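Structure first, then comments.
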Amino acid sequence: MGENNEKKLGLGLLIALGIGSMIASGIFNSPTDLISTSNPQAVLIAWCIGVFGVIMLALVFNILSNKRPELKGGIYSYARAGYGPFIGFNCAWGYWMSSFLGNVSFIILIFKTINSLIGSQYKMPPVVIFVLGSVLLWSYYFIIRRGIKEAGVLNVVITIAKIVPLILVIIFGALAFKGEVFFIADWKNILASTGEATTIGKQVSGAMGTVLWCFVGVEALVVLSERAETQQLVGRATVISLLATATLYVSISILSMGVVPAKVLVGSTTPLADVLLATSLGKAGAVIIKLGIIISNIGALLCWNLLTTEILYVPAVQDDLMPQWFKKTNQKNVPINALLFTIGAIQIFLFALLSPALQKGYYIATHVATTNILLPYLISSMFAFKVYKGEQGCLKEKLIALIAVLYSIYVIYAVGIAYLGLAFIMYSTGIVIYVKGKREKNESITNKEKLYITILLIVSIIMIILAATGRISV
């Protein structure tokens with residue numbers, strides 16, 4: 001890469017990037033998303049399972065960064081080393097699509113919150129949101145092209161700014177917490193927010209997609225590991241940022257459900273603002289948290305645009321699995337073409353902002369993004385198990401990898417077949433990119449790869465037919 005340590009990321013910047021990657025739209029909207037499918041007691045169970053599972057995933061990435069330090073592309077390079085170039089490419093492509101869909105969801109939530117802040121009387125029409133969202137998006141293009149470390153320093157400032165309102169929610173939410181609001185009677189059988197019949201298993205499964213979405217980004221530092229001073233710092237920063245983020249997430253989710261009744265919370269567009277509104281801070285608190293949501297997602301956009309750009313660049317440089325065009329960097333060592341391609345793709349999806357159904361668009365974008373990234377998580381966990389399979393005295397590492405595999409499979413099941421189907425369809429769009437990369441190297445598609453491509457296309461076509469006929473829906 002040609003960067004010296006003065007230009008690389010130290011422990012402080014890595015921790016800020018890790019926290020900034022995870023604390024985004026998920027935490028601010030999670031109380032509404034969770035209460036729509038689960039009662040508070042079931043949400044608590046889901047958080048316990050989710051945090052434990054994500055810790056296992058983080059440990060997998062930490063283990064692999066120490067065991068295989070030469071694999072500096074993170075999720076992509078693990079899949080490539082363990083299962084060949086086609087699987088490696090698809091992990092990179094699926095991860096890239098998950099990341100840019102995440103960016104779309106951030107922009108949706110930013111403007112959903114701005115509309116809530118200014119009130120229905122001055123609510124911006126969809127076309128204005130689209131134009132302003134596009135201006136915001138392209139401003140990141142010009143910020144990031146000035147340099148990766150410079151963008152990382154800016155992220156530190158934004159991360160601090162967005163944590164402050166979350167701490168206010170914890171402090172004042174704890175003071176306003178009511179046990180009778182949180183502890184729902186007959187919580188095992190009746191969904192408090194809607195009155196529908198339910199079960200514990202259904203509630204926990206319904207919450208898992210949202211819980212994992214809150215932690216998507218836990219692998220960000222592994223993806224950016226080539227930009228770090230050392231591999232050891234990457235593992236340490238990943239664990240620290242995860243534990244800090246998990247503490248904030250669980251506290252805020254539980255407190256929100258103990259302050260705002262389920263039937264009110266389920267209809268909220270800015271749930272944490274409603275939490276502070278119900279405390280002694282009142283309207284001032286609601287305004288503070290809405291500003292926090294906006295700042296948080298502006299910061300997340302910066303982190304995830306850095307991440308999304310790197311996902312296209314690293315496979316092109318390390319293994320020529322992406323077209324050569326993605327290798328180009330500017331004088332600041334920024335992958336300028338990969339950045340341009342990413343920003344352009346997000347711009348296309350921003351046309352969704354022309355629809356008034358921002359809440360539904362946000363929910364769909366986050367769940368498709370979560371499903372897209374679950375497959376790379378699963379393959380990384382499988383690779384970790386494979387790395388230690390033949391070694392003696394590594395029972396702990398094998399167990400961690402096995403739990404991470406089982407957790408990934410469970411969340412894929414919990415999110416549902418409709419989102420898995422959409423993920424396969426989106427993965428299939430990368431076939432053209434993969435074939436182009438192979439042709440640039442004068443390599444032919446192997447029989448094994450042809451089989452993989454055929455299976456991917458068949459599944460995608462089946463899912464399109466099922467969706468078109470209404471047999472599955474999101």
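Keep in mind the model is a prediction, meaning the values are calculated, not measured.
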Between [X] and [Y], which heavy-atom pair has the shortest distance, and what is it?
X	Y	answer
Pro31	Leu265	O-CD2, 3.8 Å
Ser193	Val266	CB-CB, 3.8 Å
Ala92	Pro315	CB-CG, 3.9 Å
Ile252	Ser256	O-OG, 2.7 Å
Ser241	Thr245	O-OG1, 2.7 Å
Ala58	Leu242	CB-CD2, 3.4 Å

Run the side chain to side chain contact (heavy atoms under 4.5 Å, CB included) check on Val60 and Ile400 step by step: do they pass?
-> CA-CA 7 Å; Val60 161; Ile400 289 170; 4.0 Å; yes
Between [atom1] of [X] and [atom2] of [Y], what distance do you get to the nearest 0.5 Å?
X	Y	atom1	atom2	answer
Ile254	Leu44	CD1	CG	4.5 Å
Ile110	Leu132	CD1	CG	11.0 Å
Leu166	Thr247	CG	OG1	12.5 Å
Phe111	Phe130	CZ	CZ	11.0 Å
Met257	Thr32	CE	OG1	8.5 Å
Lys202	Glu196	NZ	CD	6.5 Å

Ring geometry between Phe61 and Tyr78 (parallel below 30°, tilted from 30 to 60°, perpendicular above 60°) =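 Rings of Tyr78 and Phe61: parallel, as their planes differ by under 30°.
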Report the relative orientation of the aromatic rings in Tyr413 and Tyr410; use parallel for angles under 30°, tilted for 30 to 60°, perpendicular for over 60°.
->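 Tilted: the ring planes of Tyr413 and Tyr410 meet at 30° to 60°.
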Can you tell me if [X] uses its side chain to pair, donor with acceptor, with the backbone of [Y] under 3.5 Å?
X	Y	value
Ser380	Pro376	yes
Lys263	Thr194	no
Thr198	Leu191	no
Ser36	Asp33	yes
Ser139	Leu136	yes
Asn115	Met124	yes

Residue from Leu57, Ile379, Leu378 passing side chain to side chain contact (heavy atoms under 4.5 Å, CB included) with Val405 =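 Per the side chain to side chain contact (heavy atoms under 4.5 Å, CB included) rule, the option paired with Val405 is Leu378, out of Leu57, Ile379, Leu378.
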Go through Val260 and Ile35 one step at a time and tell me if the side chain to side chain contact (heavy atoms under 4.5 Å, CB included) criterion holds.
-> CA-CA 11 Å; Val260 182; Ile35 205 68; over 6 Å; no
Enumerate the residue pairs fulfilling side chain to side chain donor-acceptor pair (under 3.5 Å) with a member in residues 167-188, sequence neighbours excluded, ordered by first and then second residue.
->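 Sorted pair list: Asp186-Asn189.
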Does a donor on one side chain sit under 3.5 Å from an acceptor on the other, for Tyr141 and Arg145?
->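 Present: a donor and an acceptor within the cut-off.
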Under the side chain to side chain contact (heavy atoms under 4.5 Å, CB included) criterion, do Thr342 and Leu312 qualify, and how do the steps go?
-> CA-CA 9 Å; Thr342 295; Leu312 293 176; 3.7 Å; yes
Hey, mind stepping through Phe383 and Leu64 against side chain to side chain contact (heavy atoms under 4.5 Å, CB included) and telling me if it holds?
-> CA-CA 9 Å; Phe383 177 61; Leu64 288 174; 3.8 Å; yes
Are the side chains of [Y] and [X] in contact, using a 4.5 Å heavy-atom criterion?
X	Y	answer
Lys290	Ile114	no
Thr308	Tyr95	no
Tyr407	Met56	no
Trp93	Met426	no
Leu255	Val169	no
Tyr377	Leu212	yes
Ile87	Arg80	no
Val43	Ser253	yes

Got a sec, which residues hit side-chain hydrogen bond (donor to acceptor under 3.5 Å, both in side chains) with Asn305, two or more places apart in sequence or on another chain?
->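 Result, side-chain hydrogen bond (donor to acceptor under 3.5 Å, both in side chains) vs Asn305: Asn103.
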What do the steps show when you test Gln203 against Thr37 for side chain to side chain donor-acceptor pair (under 3.5 Å), and what is the final call?
-> CA-CA 6 Å; Gln203 291 180 64; Thr37 61; over 6 Å; no
Intermediate values then yes/no, ring pair (Phe, Tyr, Trp, His ring centres under 6.0 Å), Phe341 and Trp96 = CA-CA 11 Å; Phe341 185 84; Trp96 176 80; 5.3 Å; yes
